[in-house]
Student: 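Before we start, here is the structure in question, set down as structure tokens.
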Amino acid sequence: MKKRPVILDCDPGHDDAIALMLALSSKELDVRLITVSAGNSTIERTTLNALRIVSFLDKQVEVAAGARKPLRRVVIPDVETHGESGLDGPVLPEPKFSASSRNALDAQADVLKRSESKVTIIPTGPLTNIALLLSVYPELKDKIDRIVLMGGACFGGNWLPNAEFNIMIDPEAADIVFRSGVPVTMCGLDVTLKAQIFPAEFDIFRRMPNRTGPLVAELLDFFHKSTTPPFMAAPGHEEGAHMHDVCAVAWVLAPELFVSRHLNVQIETVSELTLGCTVVDYNNVFKLQPNADVCFDIDRKGFLDLLTSGISSLP
Ligand code: RIB
Ligand code: CA
């Protein structure tokens with residue numbers, strides 16, 4: 001079966017790291033390139049973290065560093081959630097290879113130009129690199145099959161009451177992506193907060209006989225402790241670890257696990273109060289052309305099975 005060519009754009013980040021592992025475990029995906037953004041930590045640290053993960057898995061994939069800051073604003077690394085290194089908790093060996101000599105923009109453009117078929121782009125951090133690609137090489141839009149991103153929310157937010165971190169860090173970049181005309185799947189907080197792994201399930205990974213399972217358990221241990229207080233927890237219900245970024249890769253592998261609606265999404269880029277809000281027109285009030293498949297629900301057990309099967313197949 002022909003493998004699906006993909007480019008991953010990430011800011012590892014604990015959940016980015018697990019998303020990378022799932023993508024690299026899949027026999028259905030041809031990961032042509034990994035590009036890195038600044039968000040969970042500085043570009044130096046997120047790039048080093050991406051290299052560490054790829055090395056740890058004994059994979060050979062080009063890792064190219066991207067923009068060190070959003071298009072117009074400053075980056076506020078999410079030290080609270082991911083720690084100083086951006087991947088605190090487990091001790092990962094130093095990478096066996098360096099970052100690409102090409103920057104993300106040149107590498108992405110080259111992969112798209114050379115690809116014999118359309119490429120799926122899976123961003124799991126701020127969208128700066130993708131906005132630059134679409135702006136500098138608009139003619140390459142036709143080589144992009146779909147942008148399947150983790151970001152935004154129809155209802156609520158995390159870093160602001162109505163804005164999610166990835167979009168809020170670079171709202172101008174998100175605006176470019178959602179206006180681009182390229183098909184978009186939006187895995188926002190509406191679905192990612194339901195894509196939880198509960199502490200009792202961490203041992204599924206801890207007990208795996210390979211080295212990657214226990215690493216995932218350590219990442220979950222840290223991420224679960226550091227994640228912002230549960231805002232979906234019902235009384236007496238222990239909130240699990242939210243696998244935000246893993247949803248984007250899972251959607252590419254198994255879209256049938258998700259429930260989504262084709263809606264119009266606009267990005268707030270002016271108001272300080274709601275900066276980065278993904279204004280999802282759930283009731284089609286504006287009667288505008290839908291521009292994204294917005295995910296709202298997930299088969300959590302199927303998601304967990306997909307992840308455990310992927311992780312158990314890694315070294
Ligand atoms: O809001 C969740 C997003 O912010 C995830 O991509 C996580 O890695 C952080 O970057
Ligand atoms: Ca991320």
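In this text the structure is predicted, and so the values were computed from the model without any measurement. Numbering of ligands and ligand atoms starts at 1, following listing order.
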Student: Mind listing the protein N/O/S atoms less than 3.0 Å away from the Ca ion (ligand 2)? Waters don't count.
Tutor: Asp11 OD1, Asp16 OD1, Asp16 OD2, Thr124 O, Asp245 OD2
Student: Going by distance alone, is a donor N or O of one side chain under 3.5 Å from an acceptor N or O of the other, for Asp16 and Thr124?
Tutor: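 The answer is yes; a qualifying pair exists.
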Student: What I want to check is whether the side chains of Ser85 and Asp88 have a donor and an acceptor closer together than 3.5 Å.
Tutor: yes
Student: At a 4.0 Å threshold, what atoms of ligand 1 neighbour a non-hydrogen atom of Asp11?
Tutor: 10 (O)
Student: Please determine, by modelled atom types, if Gln108 and Thr35 share a side-chain donor-acceptor pair under 3.5 angstrom.
Tutor: yes
Student: Would you tell me whether Asp11 and Ser37 have side-chain atoms, one donor and one acceptor, within less than 3.5 Å of each other?
Tutor: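 There is no such pair between these side chains.
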Student: Of all the non-hydrogen atoms in the protein, which one sits nearest to atom 4 (O) of ligand 1, and at what distance?
Tutor: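 Answer for atom 4 (O) of ligand 1: Phe165 CD2, 3.3 Å.
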Student: Hey, which atoms in ligand 1 end up nearer than 4.0 Å to a heavy atom of Glu164?
Tutor: 1 (O), 2 (C), 3 (C), 4 (O)
Student: Under 4.0 Å from ligand 1, counting heavy atoms only, is it the side chain of Thr192, its backbone, both or neither?
Tutor: neither
Student: So, for Glu116 and Arg32, which heavy atoms are closest and what is the spacing to 0.1 Å?
Tutor: OE2-NH2, 3.1 Å
Student: Compile the donor-acceptor pairs under 3.5 Å between side chains in residues 198-205 and protein atoms, sequence neighbours left out, one pair per line.
Tutor:
residue, atom, partner, partner atom, Å
Glu201, OE1, Phe198, N, 2.8
Glu201, OE1, Arg300, NH1, 3.0
Glu201, OE2, Arg300, NH1, 3.4
Glu201, OE2, Arg300, NH2, 2.6
Asp203, OD1, Arg206, NE, 2.8

Student: Which of the numbered atoms in ligand 1 are below 4.0 angstrom from a heavy atom of Asn158?
Tutor: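 The atoms of ligand 1 under 4.0 Å from a heavy atom of Asn158 are 1 (O), 2 (C).
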Student: Work out which heavy atom in Ala64 is nearest to a heavy atom in Leu33; give both atom names and the distance.
Tutor: CB-CD1, 4.2 Å
Student: Which of the numbered atoms in ligand 1 are below 4.0 angstrom from a heavy atom of Met150?
Tutor: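 The list of qualifying atoms is 2 (C), 3 (C), 5 (C), 6 (O).
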Student: With sequence neighbours left out, what residues match Thr269 under side chain to side chain contact (heavy atoms under 4.5 Å, CB included)?
Tutor: Pro171, Glu172, Asp175, Ile267
Student: Could you tell me, atom by atom, which parts of ligand 1 come under 4.0 Å of a heavy atom of His244?
Tutor: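 Those qualifying, in numeric order: 2 (C).
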Student: Residues in ring pair (Phe, Tyr, Trp, His ring centres under 6.0 Å) with Phe165, at least two apart?
Tutor: Trp159
Student: Give me the nearest non-hydrogen protein atom to atom 10 (O) of ligand 1 as residue plus atom name, then the distance to 0.1 Å.
Tutor: Asn40 OD1, 2.9 Å
Student: Using a strict cut-off of 4.0 Å, indicate which atoms of ligand 1 neighbour a heavy atom of Asp15.
Tutor: 5 (C), 6 (O), 7 (C), 8 (O)
Student: Could you tell me the separation between the OG atom of Ser312 and the CZ atom of Arg207, rounded to the nearest 0.5 Å?
Tutor: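 The OG atom of Ser312 sits 13.0 Å away from the CZ atom of Arg207.
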Student: Numbering the atoms of ligand 1 from 1, which are under 4.0 Å from a heavy atom of Asp245?
Tutor: 5 (C), 6 (O), 7 (C), 8 (O)
Student: I'd like to know if the side chain of Asn49 reaches the main chain of Arg45, judged simply by a donor and an acceptor atom lying under 3.5 Å from each other, with no hydrogens or angles considered.
Tutor: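 Answer holds: yes.
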